[in-house]
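Below is one structure, written out as structure tokens; the observations come after it.
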Amino acid sequence: MTVSEFVALGTSRLASVSSSPALDAQMLAAHVLRTDRSFVLAHPEEDLPELAMEVLLQRREAGEPLAYILGWREFYGRKFVVSPGVLIPRQETEVIVETCLALDGIRTVLDMGTGSGIIAITLAVEKPDWRVFAADISPDALQIARENANSLGAQVEFSESDLFASYEAMKFDLIVSNPPYIGTGEGLPTEVKDYEPAKALYSGETGNEIYERLAKETPQHLTSTGKLIMELGYRSSPSVSRLLLDNGWKIDQVVKDLSGIDRCIVAEHPY
């Protein structure tokens, strides 16, 4: 089977499970050939092992996310290792990184619920003068995050922690979080619901439970001019804004993603 034959077959078979079936097929071919997509596009005559391609195609047809099959996902121009123990990085989370990088006067940062480490590692690489900490309750996620930090040369101090349990009296100039924000009754696509870790997706019955904890527990861990930046779920901006205001926060800005959806919120807590 040649690359062109497989891409045609894969595009047809993946049309019902993927919004970009041709791209998925090309990436699977590149994965098996241990090369990149540009090579695949330039060499349609290259031979592929038919059995191996069929196995990968069936996995993707069943709904397994492409990132888990490949073992990586690109974020902010860098390759991050991912596995079923961590949430797959989303492009919209880059809005959080851009918002953090635009801040002045930052020396210390804590990424709460770091997952694969995309936010903490990107900030550490982009701002090497910042001291970056990262926490997660999942040891599996922290293992992946440390692997990513090592491969990308990022200086990040990781800790296993249920929110601020491991940080006691420590204070930071910036606390950033992409917390679980799905309610247990909300519907999700199969490739998310059946494959990505529930602990990284579901916050509780309403989806606001972790936001509530962050609103209450974060102030004592911020410096006097410190900021809290959190990713927002689809349509969660009003409820999260109200939670913050009810707990004494001042909202600096709400930043939209490229789709025009409120994607992250920036707040400070007056003392």
Side-chain angles (χ1 to χ4, degrees), residues 75 80-87 89 93 96-97 100 103 105-182 196-204 207-231 240 243-244 247-249 264-269 271:
F75 181 84
F80 285 83
V81 171
V82 294
S83 76
V86 295
L87 200 68
T93 301
I96 292 185
V97 170
C100 291
L103 297 177
I106 302 299
R107 298 180 303 277
T108 56
V109 181
L110 172 61
D111 175 21
M112 182 58 69
T114 194
S116 60
I118 56 171
I119 295 175
I121 291 167
T122 303
L123 294 179
V125 174
E126 295 290 327
K127 294 284 189 178
D129 56 324
W130 289 4
R131 187 178 181 188
V132 180
F133 298 80
D136 204 286
I137 197 171
S138 166
D140 292 338
L142 287 170
Q143 181 178 344
I144 295 295
R146 289 189 176 100
E147 181 179 342
N148 282 320
N150 290 335
S151 65
L152 294 169
Q155 298 298 313
V156 179
E157 300 176 49
F158 294 100
S159 293
E160 183 178 339
S161 183
D162 180 2
L163 289 193
F164 298 100
S166 297
Y167 294 94
E168 297 183 353
M170 292 182 68
K171 293 180 182 289
F172 304 89
D173 299 314
L174 171 62
I175 294 175
V176 58
S177 182
N178 179 12
Y181 51 66
I182 306 297
E196 298 197 58
K199 190 177 292 187
L201 292 169
Y202 298 104
S203 174
N208 285 332
E209 286 80 359
I210 302 301
Y211 287 128
E212 290 181 34
R213 290 187 60 190
L214 286 167
K216 295 177 187 301
E217 298 178 32
T218 300
Q220 62 184 305
H221 296 284
L222 283 176
T223 59
S224 59
T225 59
K227 306 280 189 183
L228 169 65
I229 297 180
M230 298 187 294
E231 179 161 327
V240 174
L243 270 174
L244 290 171
N247 282 277
W249 291 85
C264 77
I265 191 165
V266 184
E268 55 185 300
H269 200 279
Y271 287 83

Evaluate the side-chain proximity of [Y] to [X]: yes if any heavy-atom separation is below 4.5 Å, no if none is.
X    : Y    : result
S151 : V81  : no
D173 : W130 : no
I144 : V82  : no
I210 : M230 : no
S116 : P89  : yes
V97  : L123 : yes
L228 : H269 : no

Smallest separation among heavy atoms of [X] and [Y], with atom names:
X    : Y    : value
V86  : G115 : CG1-C, 4.0 Å
L174 : C100 : CD2-SG, 3.8 Å
D111 : S177 : OD1-CA, 4.5 Å
A215 : L244 : CB-CD2, 4.1 Å
I121 : A154 : CG2-CB, 3.7 Å
L222 : K227 : CD2-O, 3.5 Å

Please check if any side-chain donor atom of T114 sits under 3.5 Å from a side-chain acceptor atom of D136, or the reverse.
no

I need the [X] [atom1] to [Y] [atom2] distance, nearest 0.5 Å.
X    : Y    : atom1 : atom2 : value
R213 : L163 : CZ    : CG    : 4.0 Å
Y181 : N208 : OH    : CG    : 12.0 Å
I106 : K127 : CD1   : NZ    : 9.5 Å
I229 : M112 : CD1   : CE    : 14.5 Å
I96  : E231 : CD1   : CD    : 4.0 Å
E160 : D140 : CD    : CG    : 9.5 Å

In this structure, are over 12 heavy atoms from other groups packed under 6.0 Å from Q143 atom CD?
no

Counting only heavy atoms from other residues, nucleotides and ligands, does the tally under 6.0 Å from CD of E157 exceed 12?
yes

Could you tell me how the ring of F164 sits relative to the ring of H221: parallel (under 30°), tilted (30 to 60°) or perpendicular (over 60°)?
parallel

For the residue pair F133 and Y167, categorise the inter-ring angle as parallel (less than 30°), tilted (30 to 60°) or perpendicular (more than 60°).
perpendicular

When you measure from the side chain of S203 to the backbone N and O of E209, does any donor-acceptor pair fall under 3.5 Å?
yes

T108 side chain to R131 main-chain N or O, any donor-acceptor pair under 3.5 Å?
no

